[in-house]
Amino acid sequence: MKGITVRSEIKPLKKVLLHRPGRELLNLVPDRLGELLFDDIPFLKVAQEEHDAFAKILQDNGVEVVYLEDLMTEVLQSHAELIDQFLYQWLTEGNIKTKKWQEKLHDYLLKNYNGKDLVLKTMEGITLKEMGDVATYSLEDMLASPDDLIVDPMPNLYFTRDPFASVGTGVFIHKMRFPTRCRETIYSEYIFKYHPDYKDVPLYYERNGHANIEGGDVLNLTEDTLAIGISQRTSPDAIEAVARNLFKNPDAKIRTILAFDIPVSRAFMHLDTVFTQIDVDKYTIHPAIIGPLVVYEITPGASDPTDLRIKRIDDSDLKSILEKYTHVSKVKLIPCGGDDLIASAREQWNDGSNTLCIAPGTIVVYERNDVTNKVLRDAGIKVLEMPSAELSRGRGGPRCMSMPLIRAEK
C-alpha cells in the first residue's frame, strides 16, 4: 500500500508509521531534561520492550507497521547521492556552524556508520569523546567535558504523530515549536521528496513554513472537516496557512477547519491530550474541556478560496460542536478517570485520553490508566492495553506514538 489516505480518526487502520525508541534515550541527562522536553529518563531496554508490544498489538489486528528509520534508510540506499546533502543539513540544523567541525563530523559518520546504523546515529547524537583527537580542536573543546554532546539527540522521535500529519491524501510537514524537535522533520522531508511510496504525496505545509504546527493538534473529524488546536505548539498563523493550502487544492476535500483555542500548558500540550475520537459517537476527553469553549470555524471564501471566512462560535460546548460537525445526533463524552477527580488528574498526566483508535470502538491504551480503561469498557469500547511504565515518561500516549498512513475509506 503506497501513499497517504487518512480521512478519519476511527476508520480501520491499515498502515502506520512508528519509531522504535533507540540510543537517543541514553543521551538524556537530568540537567537537560527540560530543554529536551522530558520530565524523566526512560529505561531504554524496557521502553523498547513496551514499544515492541505496541507494534505487535497493531500487527495482530491487521495493521501494517513501518518504521521511520527504515523509510529513511531506504531513501539513502536508493539515492546515495543524497547522503552528503542529508548529513550536512543535519549538522547545520544541529548547530554545527564551522566548516572544519562539519567536515570532521561528516567524515566520522561516514567512516564508522552506514545504512540504517547511520540513520540511527543521527537520531542518537554525538559526544565529544567519540571524536578522539579532534576533541582538542579548539580551546572551547579542551575546556569541555568529554561527555558533552556536540550534536544533541532527538529523544522525542518515538512520538511520530508530531513531525507531520496525514490529511486526506496529503500531508503537513511541520515547523516544530521547540528547537530540540525541529530536526525531527528532516526525515519527513526526505521521505516525502524521495521515497518511491511517498514522493508523490501532496504537501499542504512544509517544514520551512513561517509558523509552528505539530501533529498532535491535528484531528481528522470527517473527510471534509479538520479540528486543529491553537495550543502551546500550534499557532493561529499556521492554521490559516494550512487552511489556504487545503482550500485552494481541488483534490483536497477539507472545506471546514475548526480551530480549538485550548489552554497553553504542559497538561494541554496538544489537542489530542484533550480529546480523541474512539467510535462514531464516542470520545475520550479531559474533563476540563467540556465547555464552554472558544472555537473558530474557518471556511473558504465564495469567490477566492484563500480569502478565509473565519467565524467565532460562541457559547458552545464540545458535545454540541462534535454533534453538529460530525453529523451525529448524539455524542457521548467519556472523561478520563470517570467521576474520580484524583484519578482523572493522575491518568490525564499519563495520557489516559490519548488513545489510538484502530477501528470504530477498538482502541489501544496504556494499561496503567486502569480507572479510565474500566470506564471505557463499561461504555462498550474494546480496550487493547499496552505496557507503559517507561514510554509514558515522555508524556505521550498511543496516539502520540503513531502516525496513520492509511485508513480504510469505508
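What you see is a predicted model, and the numbers here were worked out from it, not measured in a lab. The chain is numbered in sequence order, starting from 1.
Side-chain polar atoms of T276 and T355 form a donor-acceptor pair below 3.5 angstrom. With hydrogens and angles left out, the side-chain atoms of Q102 and T92 include a donor and acceptor closer than 3.5 Å. Using modelled atom types and a 3.5 Å distance limit, the side chains of R407 and T5 yield no donor-acceptor pair. Between the side chains of E24 and Y158, no donor-acceptor pair is found at a separation under 3.5 Å.
Between K14 and E64 there is no salt bridge, since no side-chain nitrogen of the basic residue lies less than 4.0 Å from a carboxylate oxygen of the acidic one. Between E50 and R20 there is no salt bridge, since no side-chain nitrogen of the basic residue lies less than 4.0 Å from a carboxylate oxygen of the acidic one. Taking a cutoff of 4.0 Å between a charged side-chain nitrogen and a carboxylate oxygen, D60 and K56 qualify as a salt bridge. For D152 and R32, the salt-bridge test passes: some basic side-chain N is under 4.0 Å from an acidic carboxylate O. Salt-bridge formation is not detected for the pair R255/D224: no Lys NZ or Arg NE/NH1/NH2 atom is positioned less than 4.0 Å from an Asp or Glu carboxylate oxygen. For the pair K121 and E130, the salt-bridge criterion is met [side-chain N within less than 4.0 Å of a carboxylate O]. A salt bridge is defined here as a Lys NZ or Arg NE, NH1 or NH2 lying under 4.0 Å from an Asp or Glu carboxylate O, and E9 with R399 meets this definition.
With rounding to the nearest 0.5 angstrom, the OG atom of S388 is 8.0 Å from the CE atom of M401. Note that CD of E323 is 12.5 Å distant from NZ of K332, once rounded to the nearest 0.5 Å. Taking CG of D217 as the reference point, atom OG of S235 lies at 10.0 Å (rounded to 0.5 Å). Distance check: E385 CD to I57 CD1 gives 9.0 Å after rounding to the nearest 0.5 Å. Atom CD of residue Q85 and atom CG of residue L76 lie 10.0 Å apart, to the nearest 0.5 angstrom. With values rounded to the nearest 0.5 angstrom, L221 atom CG is found 10.0 Å from H327 atom NE2.
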**Prompt:** Under the salt bridge (Lys or Arg N to Asp or Glu O under 4.0 Å) criterion, do E297 and R309 qualify, and how do the steps go?
**Reply:** CA-CA 8 Å; E297 178 195 78; R309 295 185 296 186; over 6 Å; no

**Message:** salt bridge (Lys or Arg N to Asp or Glu O under 4.0 Å), that's the test. Do K374 and D378 meet it? Break it down for me.
**Reply:** CA-CA 6 Å; K374 182 180 185 304; D378 290 345; 2.9 Å; yes

**Request:** Kindly determine whether R368 and S392 satisfy side-chain hydrogen bond (donor to acceptor under 3.5 Å, both in side chains), including the steps that lead there.
**Result:** CA-CA 9 Å; R368 66 185 303 149; S392 62; 2.7 Å; yes

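With hydrogens and angles disregarded, a donor-acceptor distance shorter than 3.5 Å links the side chain of T326 to the backbone of L322. Proximity of a side-chain donor or acceptor of N212 to a complementary backbone N or O of M176 within less than 3.5 Å is detected. Within the 3.5 Å criterion, the main-chain N or O of F43 finds a donor-acceptor partner in the side chain of E390. Judged purely by atom type and a 3.5 angstrom limit, N373 uses its side chain to pair as donor or acceptor with the backbone of Y366. Not a single donor-acceptor pair under 3.5 Å links the side chain of N369 to the backbone N or O of T372.
Looking at every heavy atom in both residues, P360 comes nearest to P12 through CD-CD, 4.1 Å. Nearest heavy atom pair, residue T160 against residue L18, reads CG2-C, 3.7 Å.
Aromatic ring centroids of H106 and Y88 lie under 6.0 Å apart.
Note: F192 and F164 have perpendicular aromatic rings, judged against thresholds of 30 and 60 degrees for the angle between ring planes.
A side chain to side chain donor-acceptor pair (under 3.5 Å) with Y190 is found for exactly one of H79, Q89, H195, namely Q89.
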